[in-house]
Amino acid sequence: MSYRIEKLNSLIKEELAKIIEREIEFSRDVLVTVTKVETSIDTTHARAWISVLPENKSSEVLKKLQRTIGVMQGLLNKKLIMRYVPKISFKIDKTAAKIDKFEKIAKEIES
């Protein structure tokens with residue numbers, strides 16, 4: 001992966017996190033984190049992975065983000081100084097759930 005794409009991924013991740021924090025309202029018991037962004041080589045599309053706590057609210061959060069994607073895309077277009085800003089899509093990052101499951105299994109094996 002080129003340095004330019006890595007830098008763009010980092011910048012999009014940072015800006016999306018700010019936009020989600022400031023502009024999108026979730027219930028008080030929900031924590032949403034942008035964990036990773038992968039931009040296509042031609043920079044036309046970017047996938048953002050999000051982590052949601054509690055995990056059972058993931059589908060609700062994903063639906064809300066997809067409904068407000070136009071607003072977020074517009075804000076991102078204003079923040080990034082580029083000819084073409086990648087179109088964003090969201091995916092749920094299940095890494096935290098997998099780690100939690102692994103830790104529970106490891107504790108059971110130890111006992």
Side-chain angles (χ1 to χ4, degrees):
M1 183 180 311
S2 74
Y3 176 75
R4 179 177 179 249
I5 297 293
E6 287 179 25
K7 191 77 171 166
L8 182 58
N9 288 341
S10 176
L11 183 60
I12 291 172
K13 178 182 171 186
E14 182 180 322
E15 291 302 326
L16 271 179
K18 288 177 187 176
I19 290 169
I20 290 171
E21 179 184 354
R22 293 180 190 150
E23 303 295 329
I24 312 299
E25 289 189 27
F26 300 105
S27 56
R28 289 182 182 259
D29 63 336
V30 175
L31 175 66
V32 179
T33 308
V34 179
T35 57
K36 178 172 73 169
V37 172
E38 284 185 0
T39 305
S40 63
I41 294 172
D42 61 0
T43 68
T44 58
H45 294 76
R47 268 191 213 139
W49 274 266
I50 58 166
S51 174
V52 180
L53 293 176
E55 195 176 331
N56 62 351
K57 302 275 186 173
S58 295
S59 62
E60 177 184 319
V61 167
L62 188 59
K63 286 178 187 175
K64 187 164 193 166
L65 288 175
Q66 289 172 339
R67 280 194 315 264
T68 58
I69 193 86
V71 172
M72 288 187 287
Q73 188 73 52
L75 292 169
L76 194 60
N77 291 351
K78 290 178 184 175
K79 288 285 185 179
L80 302 180
I81 313 279
M82 298 177 61
R83 181 174 289 174
Y84 301 108
V85 175
K87 300 292 179 203
I88 306 297
S89 63
F90 289 99
K91 302 284 181 190
I92 298 293
D93 186 356
K94 297 184 181 183
T95 306
K98 290 178 183 178
I99 290 171
D100 188 43
K101 185 176 179 181
F102 177 76
E103 287 176 349
K104 287 178 183 176
I105 292 171
K107 285 181 182 178
E108 288 177 12
I109 291 172
E110 284 180 356
S111 357

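Any value given below was found using the heavy atoms of this structure, including those in side chains, with hydrogens, waters and symmetry copies removed. What you are looking at is a predicted structure, and each value in this text was computed from that prediction instead of being measured.
- Atom-to-atom distance recorded for R47:CZ and I12:CD1 is 13.5 Å, nearest 0.5 angstrom.
- For S40 (side chain) and H45 (main-chain N/O), a donor-acceptor pair under 3.5 Å exists by modelled atom type.
- Within the 4.5 Å cutoff, the side chain of I50 has heavy atoms near those of the L65 side chain.
- Remark: the backbone N or O of V71 is not paired with any side-chain donor or acceptor of T68 at under 3.5 angstrom.
- With rounding to the nearest 0.5 Å, the separation of OH in Y84 from OG1 in T44 is 11.5 Å.
- Note on L53: it does not cluster hydrophobically with L62, by side-chain heavy-atom contacts below 4.5 Å among ILVMFWY residues.
- Side-chain atoms of S10 never come within 3.5 Å of backbone atoms of E6 as a donor-acceptor pair (strictly under, hydrogens ignored).
- Shown here is I105, whose CD1 atom has more than 12 heavy atoms of other residues, nucleotides or ligands within 6.0 Å.
- Side chain of T39 to main chain of T43: no donor-acceptor pair is present (N/O by atom type, distance under 3.5 Å, no hydrogens or angles).
- I88 and F26 end up in the same hydrophobic cluster when Ile, Leu, Val, Met, Phe, Trp and Tyr side chains are linked at under 4.5 Å.
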Give the C-alpha distance, both sets of side-chain angles, the deciding distance and a yes or no for side-chain contact (heavy atoms from CB on, under 4.5 Å) between M72 and F90.
CA-CA 12 Å; M72 288 187 287; F90 289 99; 3.5 Å; yes
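- Interatomic distance, CZ of R4 versus CG of N9, reported as 11.0 Å (0.5 Å rounding).
- L16 and M82 fall within a single hydrophobic cluster, where Ile, Leu, Val, Met, Phe, Trp and Tyr are joined by side-chain heavy atoms under 4.5 Å apart, directly or via other members.
- With respect to the salt-bridge test (charged N to carboxylate O, under 4.0 angstrom), the residues K18 and E14 qualify.
- Between E23 and L75 the shortest heavy-atom distance is CG-CD1, 3.5 Å.
- Residues L80 and L11 meet the side-chain proximity criterion, which asks for heavy atoms closer than 4.5 Å.
- Counting only heavy atoms from C-beta outward, the side chains of I24 and K64 approach each other to under 4.5 Å.
- Side-chain polar atoms of S51 and D93 form no donor-acceptor pair below 3.5 angstrom.
- Remark: R22 CZ to E25 CD distance equals 14.5 Å, nearest 0.5 Å.
- Residues V61 and V30 are in side-chain contact: their nearest non-hydrogen atoms beyond the backbone lie under 4.5 Å apart.
- Both I92 and V32 are part of a single hydrophobic cluster, where members link through side-chain heavy atoms under 4.5 Å apart.
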Could you walk me through whether L8 and Y3 pass the side-chain contact (heavy atoms from CB on, under 4.5 Å) test, one step at a time?
CA-CA 9 Å; L8 182 58; Y3 176 75; over 6 Å; no
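- Annotation for K94: atom NZ does not count as buried by contact number, only 12 or fewer foreign heavy atoms lying within 6.0 Å.
- Relative to the six-membered ring of W49, K91 misses at least one condition, a distance below 6.0 Å or an angle of at most 45° to the axis.
- Atom CD of Q73 has more than 12 neighbouring heavy atoms from other residues, nucleotides or ligands inside a 6.0 Å radius.
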